[in-house]
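Structure, as structure tokens:
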Amino acid sequence: MSLHPVRLLVLLASLAIPRPCAGPEIGRIEGHLIDRTSKAPIVNAQVTVVGTSLVAITDTRGFYRIDNVPVGTYTLQGRFIGYKPKNSSGVRVTANQTTKVDFHLERSTTVLEQVVVDGAAIAPASRAYLDAKQSQNGVVSLGRARADSYAQEPWRHQGQPGNREQYDVIDENPFIAVAADPLSTFSIDVDRASYSNVRRFIVQDGQLPPRDAVRIEELVNYFPYSYAEPDGDAPLAVDAEVGAAPWKPQHRLVRIGLQARRLHLENLPPSNFVFLLDVSGSMMPENKLPLVKAAMRMLVNELRAKDHVAIVVYAGSAGLVLPSTAGDQKETILAAIDRLEAGGSTAGGAGIRRAYDEAVAHFIRGGNNRVILATDGDFNVGVSSDADMVQLIEERRKTGVFLTVLGVGEGNLQAAKMEKLADHGNGNYAYLDNILEARKVLVHELGGTLYTVAKDVKIQVEWNPARVRAYRLIGYENRMLRNEDFTDDKKDAGEVGSGHSVTALYEIVLAGTETDVKIRMPDSLRYQQRGATPSTAAGPELLFVKVRYKAPDGDQSRLISRPVLANAAGAPSVDFQFQTAVAEFGLLLRNSENRGKANLDHVIAVAREALGKDPEGYRAEFVKLAEAVRGIGIAGRDAPR
């Protein structure tokens, strides 16, 4: 049988066309995470495909979905703070099918109180306590043991094998007499790393954090607040509120908030990102480089075609893994991420130089040019001293490239060093303790974290001596400025990103109020009287707040100012109530000399009543965190430092 000539040509042509190769067989896993008792959905819970980098976070319905799962049999784990983790084994994934797996999690009141004792991992001061308290099954309340031992030994000297974590000592701001100095000046701080690091100690380690790891201003600033956005040309708006100080009833609290203008993602300028990744040997654990890779994958999914990303790695030396690549080339970027492996020593200085060179080579005028450094901070080869690293960063920031630092891991976390780098690099520092935090920093707060709308932002408060006797800024100890620095445009200060809010709390003693706190007052002068005589010239004003800022590419500062009245009436806002609870929590964790009548039960009660609109569940998580501290026991902090 012969074929018609035309049909023969069609057949030959079809044989000549290359057939596409079959892709990997994949399926999908989805389901819900539910509270076993209340049957309520659990928001922001984490579902992990054990042994892989596949992970999902539940939405407001408690629903999760994991796409592109290779065909096979897996174990899934569902977990959330305050609940016992639960595994589901033997989960079969078939090609082009959806496998449904639901988790019903059980609340845990002892998960942070009891752990199996491992004598080799306990500090000497703790071991005697454990030997005396160990139960027949080898399970004890380790949280209380570590809290008690901490009162005797600082964190850096507990003798824990291989532990090299370091935190700068915080000397809390004192109460200052308005007659001595009516001006308070500081640089804003948008870092929030302290909160997630504190959470890591409490949740993962079942112990209280070291005092100097607790920065109260970073705890307060971790949460979003509903401040009004700017309605004029300025990128920032000032918000203020006055209320009671719950830990010191005779004192008052003043809240000063800044709200940055929110830019929608589609309106954000094009980005030139350079990921600078530490792939040294210390980054091997799952909560280090593997976590960074998972975080990067989430950020890559948010990139647009007009964005570009490059990847520089450093270990024994620095190298370019991925040249600047358009954001819509996601497969190419993800493939480069997947190839990353840890090993070797750490040449941080060389990596920083290489990353900045790459960012400058592809600089986008009017765009967002930024190096994103991810590390545990363990720089031990080449330029390694804090002073040398800071000098290097200060030199490179002149290029107009901003810096974001992502800290990970435990045991050798160099938090103080990483915060210094971010501060001097016109950027911000975040600590990623889990994939939830990575999603918060790099997805939910993408604009606030990575897109600067105002730089060198400074606040100066002038107190009315007729109304205020003394004041104390809560936190910001490493951000204090001289009063004359406020108008000095050469003085570096903090940066604020799109949609970001910044909060500062002052504890004040009103004029005529008796107090038992020590107020700093200099000795009398021979030739002049210190301070102005209180007058009523300012009328009902309690204070006058001024803010200076520069445009991201500007050199000259601009001024915003407004008075705050003393007799503002009305009940405190939900945001203010929640902020006081977080501040009170920080005072307790620090065992602050200024903690007054601070009480953990009060923290929990106030925070629970002030949940407000909490779509991502951050405030609800804080309540669980405070409850976990109650389970650990905070008695070890009763003695002053």
Side-chain angles (χ1 to χ4, degrees), residues 167-176 178 181-195 197-198 211-223 225 227 236 238-241 245 251 253-260 415-416 418-420 422-424 426-431 454-463 468 470-486 488 491-497 500-508 520 543 545-549 564 576 579-580 582-587 589-590 592-595:
Y167 303 91
D168 282 349
V169 174
I170 299 175
D171 293 320
E172 293 187 9
N173 293 323
F175 280 93
I176 299 175
V178 173
D181 188 356
L183 295 177
S184 174
T185 309
F186 64 100
S187 164
I188 61 91
D189 186 2
V190 296
D191 296 338
R192 302 166 176 183
S194 180
Y195 182 87
N197 192 28
V198 163
R211 282 187 186 87
D212 294 327
V214 182
R215 291 194 171 276
I216 297 178
E217 75 277 13
E218 295 188 17
L219 269 58
V220 173
N221 277 296
Y222 182 82
F223 304 91
Y225 301 113
Y227 300 150
L236 301 172
V238 180
D239 186 277
E241 188 169 351
H251 291 182
L253 280 182
V254 175
R255 189 276 309 284
I256 297 174
L258 296 182
Q259 179 62 54
M418 289 186 282
E419 185 174 21
K420 286 186 177 73
D423 291 347
H424 290 271
N426 282 349
N428 52 286
Y429 166 50
Y431 176 76
K455 70 177 182 180
D456 292 340
V457 183
K458 311 167 191 174
I459 294 178
Q460 186 170 80
V461 175
E462 180 181 356
W463 299 96
V468 182
Y471 61 90
R472 185 179 91 85
L473 178 60
I474 300 176
Y476 291 93
E477 286 83 3
N478 63 340
R479 295 283 189 152
M480 302 305 296
L481 298 174
R482 298 176 302 175
N483 292 332
E484 55 267 31
D485 290 336
F486 183 70
D488 183 1
K491 185 67 177 179
D492 183 59
E495 284 66 45
V496 181
H500 216 141
S501 64
V502 182
T503 300
L505 294 174
Y506 281 95
E507 183 177 350
I508 66 173
R520 192 173 72 181
L543 61 100
V545 59
K546 295 182 288 186
V547 178
R548 282 197 174 273
Y549 71 94
V564 178
F576 187 85
Q579 289 159 349
T580 64
V582 177
E584 187 174 1
F585 182 65
L587 292 171
L589 289 182
R590 286 193 51 77
S592 170
E593 294 180 355
N594 299 292
R595 68 189 184 277

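Each residue takes its place number in the sequence, starting with 1.
One N or O on the side chain of Asn221 and one on the backbone of Glu217 form a donor-acceptor pair closer than 3.5 Å. Between the side chain of Asp212 and the main chain of Tyr167, no donor-acceptor pair closer than 3.5 Å is present. Asp423 places no side-chain N or O within 3.5 Å of a backbone atom of Gly494 that could act as its donor or acceptor partner. Listed for the Asp191 side chain is no donor-acceptor partner under 3.5 Å among the backbone atoms of Asn428. Side-chain atoms of Lys455 never come within 3.5 Å of backbone atoms of Asn426 as a donor-acceptor pair (strictly under, hydrogens ignored). Checked by atom type and distance alone, the side chain of Thr185 never pairs as donor or acceptor with a backbone atom of Gln460 at under 3.5 Å.
Residue Ile256 holds its CD1 atom at 5.5 Å from OH of Tyr506, rounded to the nearest 0.5 Å. Summarising the geometry, atom CG belonging to Asp239 is positioned 4.5 Å from atom CZ belonging to Arg255; distances are rounded to the nearest 0.5 Å. Remark: Met418 CE to Tyr429 OH distance equals 3.5 Å, nearest 0.5 Å. Atom-to-atom distance recorded for Leu183:CG and Leu543:CG is 11.5 Å, nearest 0.5 angstrom. To the nearest 0.5 Å, atom CD1 of residue Ile188 and atom CG of residue Asp456 are 9.5 Å apart. The CD atom of Glu477 lies 12.0 Å from the CZ atom of Arg479; values are rounded to the nearest 0.5 Å.
Using a cutoff of 4.0 Å between basic side-chain nitrogens and carboxylate oxygens, Arg520 and Asp181 are not scored as salt-bridged. Contact check on Arg482 versus Asp488 returns no salt bridge, with no Lys/Arg side-chain nitrogen under 4.0 Å from an Asp/Glu carboxylate oxygen. We find that Arg472 and Glu172 are joined by a salt bridge, their nearest charged nitrogen and carboxylate oxygen being less than 4.0 Å apart.
Minimum interatomic distance between Asn173 and Gly475 (heavy atoms only, all atoms of both residues): ND2-O, 2.7 Å. What you find for Arg192 and Ser501 is that their closest heavy atoms are NH2-O, 3.8 Å. Residues Leu589 and Arg211 share a closest heavy-atom pair of O-CG, 4.2 Å. Minimum interatomic distance between Val564 and Ala240 (heavy atoms only, all atoms of both residues): CG2-CB, 3.5 Å. Across every non-hydrogen atom of Ala504 and Phe186, the tightest pair is CB-CZ, 3.7 Å. Gly586 approaches Val214 most closely through the heavy-atom pair O-CG1, 4.0 Å.
Looking only at side-chain heavy atoms (C-beta outward), Tyr549 and Val496 stay at 4.5 Å or farther from each other.
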message = What verdict does the side chain to side chain contact (heavy atoms under 4.5 Å, CB included) test give for Leu505 and Val254, after you've listed the backbone C-alpha separation in whole Å, the side-chain angles of each residue and the deciding distance to 0.1 Å?
response = CA-CA 6 Å; Leu505 294 174; Val254 175; over 6 Å; no
inquiry  = Run the salt bridge (charged side-chain N to carboxylate O under 4.0 Å, His left out) test on Asp168 and Lys420 for me, step by step, so that the C-alpha distance in whole Å, both residues' side-chain angles and the decisive distance to 0.1 Å come before the verdict.
reply    = CA-CA 11 Å; Asp168 282 349; Lys420 286 186 177 73; 2.6 Å; yes
query = Taking it one step at a time, do Tyr471 and Ser184 satisfy side-chain hydrogen bond (donor to acceptor under 3.5 Å, both in side chains)?
reply = CA-CA 9 Å; Tyr471 61 90; Ser184 174; 5.1 Å; no
query = Can you check side chain to side chain contact (heavy atoms under 4.5 Å, CB included) on Glu507 and Phe175, steps first, answer last?
reply = CA-CA 8 Å; Glu507 183 177 350; Phe175 280 93; 3.6 Å; yes
task = Carefully, step by step, assess Leu258 and Ile459 under the rule side chain to side chain contact (heavy atoms under 4.5 Å, CB included).
result = CA-CA 10 Å; Leu258 296 182; Ile459 294 178; 4.0 Å; yes
message = Between Asn197 and Glu218, is the side chain to side chain contact (heavy atoms under 4.5 Å, CB included) condition met? List the steps.
response = CA-CA 11 Å; Asn197 192 28; Glu218 295 188 17; over 6 Å; no
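With sequence neighbours excluded, no residue satisfies salt bridge (Lys or Arg N to Asp or Glu O under 4.0 Å) with Arg548.
Tyr225 and Thr503 are not linked by any side-chain donor-acceptor pair at a separation below 3.5 angstrom, with hydrogens and angles left out of the test.
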